[in-house]
2 protein chains.
Amino acid sequence: MFLHGQGELALGSRLKAVSESLYAAANVAYRETGHDLDAHWFPVLRYLQVRGPASVTEIAAAIGQTHPAVSQLAAKLRAQGWITRRADRSDARRGVLELSADAERKLDRLGPVWCAIRRAAAAAAARGGGTLLDALGAFEADIASGRLAADIRSHHARLKKAKIDIAPYRSDWAPHFERLNVEWLQRWFTLEDVDRAVLGDPQTHVIEPGGAILFATLDGEVIGTCALLKEAPGVYELSKMAVESGFRGFGAGRRLLDGVIAEFERRRGRTLFLESSKRLGPALQLYESGGFVHHPAPRPGSHYQRADVYMVYEPGKTAGRRAKAAPRKHLRVVGR
Amino acid sequence: MFLHGQGELALGSRLKAVSESLYAAANVAYRETGHDLDAHWFPVLRYLQVRGPASVTEIAAAIGQTHPAVSQLAAKLRAQGWITRRADRSDARRGVLELSADAERKLDRLGPVWCAIRRAAAAAAARGGGTLLDALGAFEADIASGRLAADIRSHHARLKKAKIDIAPYRSDWAPHFERLNVEWLQRWFTLEDVDRAVLGDPQTHVIEPGGAILFATLDGEVIGTCALLKEAPGVYELSKMAVESGFRGFGAGRRLLDGVIAEFERRRGRTLFLESSKRLGPALQLYESGGFVHHPAPRPGSHYQRADVYMVYEPGKTAGRRAKAAPRKHLRVVGR
DNA sequence: CGCAGTAACGTAAGCACTTACGTAATTGCC
DNA sequence: GGCAATTACGTAAGTGCTTACGTTACTGCG
């Protein structure tokens with residue numbers, strides 16, 4: 001192509017073309033996997049998914065676009081039922097955009113597609129090696145030959161067939177432990193000092209005192225984590241359970257919970273408790289079905305500001321589990 | 001920025017944003033240096049400059065855009081006097097777009113700006129190192145901080161102050177010798193076998209037989225070249241003179257011509273001739289002012305199909321040079 | 001407390017492309 | 001040599017952004 005000979009001068013044109021091809025490739029992947037959304041919506045929808053309800057200007061600033069762009073897209077998404085808008089009671093100028101429950105459910109299933117796109121794109125970029133121009137050239141070649149699209153397809157097929165694995169702590173996965181937890185903490189609460197300490201150095205704060213950290217992986221991709229903290233001899237806390245948005249509903253949370261309980265039992269612990277919040281409805285359901293029962297009073301001397309739920313593990317109480325798990329059956333099929 | 005955390009998934013958005021920022025940065029550079037054109041025109045204008053007159057679909061295919069895009073831009077450029085359109089007599093559907101003389105003159109001066117943009121962009125891309133994502137991040141940082149714009153400015157300032165240097169043959173510059181000549185040969189004629197041989201391996205075809213190759217450089221950038229070929233003992237040919245489009249009118253051709261004549265004289269040659277074409281008006285003027293006189297008959301046994309001009313160097317005939325050079329004075333000031 | 005300055009949007013219009021479509025000329029093929 | 005298929009390319013309309021502008025609400029400062 002003529003522009004290749006023009007070096008960096010044609011970068012603008014080529015970047016734009018590659019950008020558009022990437023949107024198109026992503027859209028093909030969405031369509032093929034039965035997801036009805038447009039790649040251009042990704043920044044806004046993903047922001048709302050990860051960070052929770054937000055105003056137009058907040059989103060615009062975060063994704064690097066102008067507020068009219070977000071405003072117009074929001075109107076369209078609102079018309080299609082993806083998002084809702086309510087007034088901000090503290091500031092009448094501002095509106096709060098929020099994913100509809102339906103959209104939230106849809107997005108929670110997109111993990112494998114996103115992961116497939118990410119892998120294919122990373123592979124294409126890496127093939128170029130060295131410079132930006134080389135990487136761009138490799139991208140263009142992959143797009144022109146259809147290799148990018150084929151790669152997305154095959155990665156997605158692999159991910160859909162893959163099973164969730166539970167793996168023990170690995171120091172090189174410490175950043176995943178932090179990333180996954182920071183994501184939901186920022187969304188639902190704020191990072192407290194206890195969190196920062198534990199997440200920043202899990203080795204010394206969790207592993208060395210006699211606790212454990214488990215990772216849920218799907219085809220090598222870390223998509224969830226959970227920790228068992230040793231509080232006192234025989235007393236353990238289940239904590240830092242996090243599953244990546246986009247991979248929810250595949251059973252990772254259940255597997256992590258079972259894994260942590262197994263770790264607790266391997267240590268012959270006496271007491272296993274957890275602290276959580278009423279706001280985290282689906283998580284509480286999971287804990288209940290896993291054998292945790294609500295404790296009437298809040299835990300004395302809790303280290304979390306946010307904790308208004310205190311649950312304790314009672315091995316006998318796993319009866320509800322099978323019943324709760326049943327309606328999830330079709331999800332498991334999709335997930336595996 | 002939020003999108004940075006999304007890895008390759010946000011590549012489309014980021015590429016588009018960087019693309020638009022690059023257009024904007026280039027436009028700032030054009031405006032600051034007093035050039036009245038839009039960065040979006042670059043692919044079309046540059047194609048016409050380098051390859052010569054072309055049809056809408058040919059350009060569209062070459063620059064990777066759709067024909068309506070080129071068609072619409074062509075209409076705009078035609079209205080502004082940048083290009084003209086005439087009918088293709090062999091195919092009534094097709095039109096032939098051609099740069100106006102004025103546009104050609106403007107584009108011939110853009111070399112330093114283009115070079116400055118290229119250098120700044122290359123530096124930004126290199127700062128990221130490794131992967132496409134890193135390079136992109138570096139780009140975004142440079143754009144946000146204004147460093148890219150500042151770099152373009154300072155590179156341009158350097159280039160405008162720089163003088164043209166004439167350097168002897170260096171084997172690592174052989175690709176420049178080829179590139180510069182292929183560019184104009186493809187535009188004005190076609191590559192003949194003689195050309196391919198000489199350009200592909202100048203060492204054995206030019207240097208070793210006792211000839212010479214000179215390069216014109218501006219601040220380290222190779223922008224022109226010219227060769228002295230040894231035809232027989234004492235008989236030399238001036239050939240393969242080429243100056244990059246974008247750097248014309250800065251006196252590089254004159255300097256190369258003088259340099260080659262000096263090489264000829266250093267070798268105590270008897271005869272120095274050249275072959276050219278009537279179609280290359282400005283080049284013929286240069287040769288005339290440099291002391292070459294037209295020979296009435298074509299050269300017997302010419303190796304070029306395209307040659308319809310045969311000139312011979314006569315040392316006394318350099319009188320016209322000063323007169324011809326005079327109106328160029330302001331150009332030299334700009335060029336240095 | 002009043003009121004300039006600023007912030008949060010929404011709307012309109014523009015821009016650089018695209019896809020869709022129509023028309024006229026050329027090519028290919030029996 | 002005739003006619004279907006293809007090609008060149010203009011026009012219209014759509015898209016995903018942008019800039020420009022206006023309205024309403026909030027904020028800070030004398």
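In what follows, every chain begins at residue 1, and chains take the letters A, B, ... in the order their sequences are listed.
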Can you identify which nucleotide, out of [options], has its nearest atom closest to the [X] side chain?
| X | options | result |
| --- | --- | --- |
| D38(B) | dC17(C), dA25(C), dA16(C) | dA16(C) |
| Q65(A) | dA8(D), dC17(D), dC9(C) | dC17(D) |
| S71(A) | dG10(C), dC9(D), dA16(C) | dG10(C) |
| H40(B) | dA16(C), dT18(C), dT26(C) | dA16(C) |
| H67(B) | dG10(D), dC17(D), dA8(C) | dG10(D) |
| T57(A) | dT18(D), dG10(D), dC9(C) | dC9(C) |
| P68(B) | dA25(C), dA25(D), dT18(C) | dT18(C) |

Sidechain N-carboxylate O distance under 4.0 Å for E244(A), R179(A):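 R179(A) and E244(A): salt-bridged.
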NZ/NE/NH1/NH2 to OD/OE distance under 4.0 Å, D38(A) and R31(A):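 No, no charged N to carboxylate O under 4.0 Å.
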Base of [N], side chain of [X] - is there a donor-acceptor contact under 3.5 Å?
| X | N | value |
| --- | --- | --- |
| E20(A) | dT15(D) | no |
| Q72(A) | dT18(D) | yes |
| R93(B) | dT26(C) | no |

Compute whether any side-chain donor of one residue and acceptor of the other, for S100(A) and D102(A), lie under 3.5 angstrom apart.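 On atom types as modelled, these side chains do not qualify, holding no pair under 3.5 Å.
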With nearest nucleotides of DNA chain D determined for A74(B) and A92(A) from heavy-atom distances, which residue corresponds to the more 5′ nucleotide?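 Taking each residue's closest nucleotide, the earlier one in sequence belongs to A74(B).
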Value in whole Å for how far the [atom2] atom of [N] lies from [atom1] of [X]:
| X | N | atom1 | atom2 | answer |
| --- | --- | --- | --- | --- |
| R94(B) | dA25(C) | CZ | C1' | 11 Å |
| L3(B) | dC17(D) | CG | P | 11 Å |
| I59(B) | dT7(D) | CD1 | P | 19 Å |
| L77(A) | dG16(D) | CG | P | 11 Å |
| L73(A) | dG14(D) | CG | P | 19 Å |
| D88(B) | dC9(D) | CG | P | 8 Å |
| L97(A) | dA8(C) | CG | P | 14 Å |
| L37(A) | dG16(D) | CG | P | 13 Å |

Indicate yes or no for a side-chain donor-acceptor contact from R279(A) to the backbone of W188(A) under 3.5 Å, with no hydrogens or angles considered.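 Yes, R279(A) side chain to W188(A) backbone: donor-acceptor pair under 3.5 Å.
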Would you check if Y30(B) and V113(B) make a side-chain contact, meaning some heavy-atom pair closer than 4.5 Å?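 When only atoms from C-beta onward are counted, V113(B) and Y30(B) do touch, with a gap below 4.5 Å.
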4.5 Å side-chain heavy-atom contact, R119(B) and E221(B):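 With C-beta onward as the side chain, the pair touches.
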It should be established whether T66(A) places a side-chain nitrogen or oxygen under 4.0 Å from OP1 or OP2 of nucleotide dT18(D).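 Answer is yes, contact under 4.0 Å.
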At under 4.0 Å, does any side-chain N or O of K76(B) touch on OP1 or OP2 of dA16(C)?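 Answer is yes, contact under 4.0 Å.
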